[in-house]
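One structure is given below, encoded as structure tokens.
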Amino acid sequence: MSDGDLSAILLTLKLAGATSVILLLLATPLAWWLAHTRSRLRWIVEPVVALPLVLPPTVLGFYLLILLGPAGGLGSAWVALTGESLAFSFAGLLIASMVYSLPFAVQPLQTAFQAVGVKHLEAAATLGASPFDAFLTVASPIALRGYITALVLTFAHTIGEFGVVLMVGGNIPERTRVISIAIFEHVETLSYAEAHRLSIGLLVFSFLVLMAVTILHRRAPVRVG
């Protein structure tokens with residue numbers, strides 16, 4: 001395996017890990033709100049969250065490129081703050097990854113929080129627990145299956161994404177060149193052996209991850225309110 005491919009693997013794992021951790025932190029309050037709110041805003045927020053599931057990656061990547069570019073709303077602020085472009089950088093790639101993987105983090109958590117119900121939280125409140133304490137010590141452990149599913153799906157989806165990554169990150173070695181881009185590059189240059197090596201690695205990795213989450217799923221407690 002070449003140094004370039006090894007660098008792409010490490011960068012992909014770094015991107016998927018960072019995206020998964022940050023998204024779980026951000027998706028938790030959003031999923032909790034969606035699971036329990038009666039606000040009419042829910043009918044707008046839910047489709048927005050799910051939009052990356054149906055939107056062509058190139059379309060999503062195009063608008064993210066405009067947003068993160070030097071003339072875009074977020075990109076211009078980043079240039080003023082750091083002097084560097086957000087597009088075609090790892091930071092820009094991370095933001096784009098969080099957007100297109102958002103539904104894979106929010107929807108499993110939302111389903112898990114809906115299953116938790118309110119009985120356990122009301123019982124915790126009668127024992128003097130604050131809402132935050134009740135969430136940490138009661139709701140979160142019950143929703144463990146949702147957290148596992150959200151973590152695995154977000155990680156796996158980030159690793160396999162191609163269209164958005166190519167539009168926002170391009171193909172810059174050691175900065176934005178991830179595994180999917182490396183495979184595409186090998187195919188373009190007719191280096192099928194290298195492309196096959198990376199592809200079979202992703203295939204085996206994806207299978208092992210799904211097998212692990214299936215086992216964890218069955219062992220995680222299932223309790224509903």
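- In this structure, F104 is not a member of the same hydrophobic cluster as F207, with clusters built from ILVMFWY side-chain heavy atoms closer than 4.5 Å.
- Not a single donor-acceptor pair under 3.5 Å links the side chain of T19 to the backbone N or O of S97.
- Under the 3.5 Å distance criterion, the side-chain polar atoms of R177 are matched with a main-chain donor or acceptor of G4.
- F88 has its side chain within reach of I172: a pair of non-hydrogen atoms, C-beta onward, lies under 4.5 Å apart.
- Taking CG of L53 as the start and CD of Q107 as the end, the distance is 5.5 Å to the nearest 0.5 Å.
- For the atom pair E174 CD and L6 CG, the distance stands at 10.0 Å (nearest 0.5 Å).
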Carefully, step by step, assess V21 and L151 under the rule side-chain contact (heavy atoms from CB on, under 4.5 Å). CA-CA 8 Å; V21 171; L151 179 64; 5.7 Å; no

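- Contact between P57 and G163 at its shortest, heavy atoms only, is CB-CA, 4.0 Å.
- Rounding to the nearest 0.5 Å gives a distance of 5.0 Å between CG of L15 and CZ of F90.
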Report the C-alpha separation of I22 and L94 in whole Å, then their side-chain angles, then the decisive distance to 0.1 Å, and conclude whether the side-chain contact (heavy atoms from CB on, under 4.5 Å) test is met. CA-CA 10 Å; I22 297 174; L94 179 60; 4.0 Å; yes

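- Here I159 contributes atom CD1 and L13 contributes atom CG; the two are 5.5 Å apart, rounded to the nearest 0.5 Å.
- For the residue pair I183 and A195, the shortest heavy atom distance occurs at O-CB, 4.1 Å.
- The cluster map of Ile, Leu, Val, Met, Phe, Trp and Tyr, joined by side-chain heavy atoms under 4.5 Å apart, puts V79 and I66 in different clusters.
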side-chain contact (heavy atoms from CB on, under 4.5 Å) assessment of L86 paired with L67: CA-CA 9 Å; L86 192 54; L67 176 67; over 6 Å; no

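- Closest heavy-atom contact between L24 and A150: CD2-CB, 3.7 Å.
- Scored by the side chain to side chain contact (heavy atoms under 4.5 Å, CB included) test, T82 finds W78, E84 as partners (sequence neighbours excluded).
- What you find for Q110 and A35 is that their closest heavy atoms are O-CB, 3.8 Å.
- Annotation: side chain of Y63 is in contact with side chain of V59 (closest heavy-atom distance under 4.5 Å).
- Note on V178 and V99: same hydrophobic cluster, where clusters join Ile, Leu, Val, Met, Phe, Trp and Tyr whose side-chain heavy atoms are under 4.5 Å apart, directly or indirectly.
- Formation of a donor-acceptor pair under 3.5 Å by the T158 side chain with backbone atoms of A16 is not found in this model.
- Under the 3.5 Å distance criterion, the side-chain polar atoms of S101 are left unmatched by any main-chain donor or acceptor of M98.
- Of all heavy-atom pairs between G69 and A87, the closest is CA-CB, 4.2 Å.
- Taking the six-membered ring for Trp and thresholds of 30 and 60 degrees, Y100 and H157 have ring planes more than 60 degrees apart, a perpendicular arrangement.
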Show your working on side-chain contact (heavy atoms from CB on, under 4.5 Å) between T58 and L166 and close with a plain yes or no. CA-CA 9 Å; T58 49; L166 183 61; over 6 Å; no

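- Looking at heavy atoms from C-beta onward, T111 lies out of side-chain contact with P108 at the 4.5 angstrom threshold.
- A single hydrophobic cluster is not seen to contain both M167 and I179; linkage of ILVMFWY side chains at heavy-atom distances under 4.5 Å, directly or through other members, places them apart.
- A donor-acceptor contact closer than 3.5 angstrom links the side chains of T189 and S191.
- Residues L74 and I95 form a side-chain contact, since some pair of their non-hydrogen atoms from C-beta on lies under 4.5 Å apart.
- To the nearest 0.5 Å, atoms CG (L202) and CG (L198) are separated by 7.0 Å.
- The structure places NE2 of H186 at 3.5 Å from CG of D5, a figure rounded to the nearest 0.5 Å.
- The stretch residues 20-59 participates, sequence neighbours left out, in these ring-ring contact (aromatic ring centres under 6.0 Å, His included) pairs: W32-H36, W32-F113, W32-F135.
- The minimum heavy-atom distance linking L25 with P29 is given by the pair O-CD, 3.2 Å.
- Taking 4.5 Å as the limit, every side-chain heavy atom of N171 sits out of range of all side-chain heavy atoms of T176.
- Between V165 and I181, the closest side-chain pair of non-hydrogen atoms falls below 4.5 Å.
- In this structure, S76 contributes its side chain and G73 its backbone to a donor-acceptor pair below 3.5 Å.
- L65 and L60 fall into different hydrophobic clusters, where Ile, Leu, Val, Met, Phe, Trp and Tyr side chains are chained together by heavy-atom contacts under 4.5 Å.
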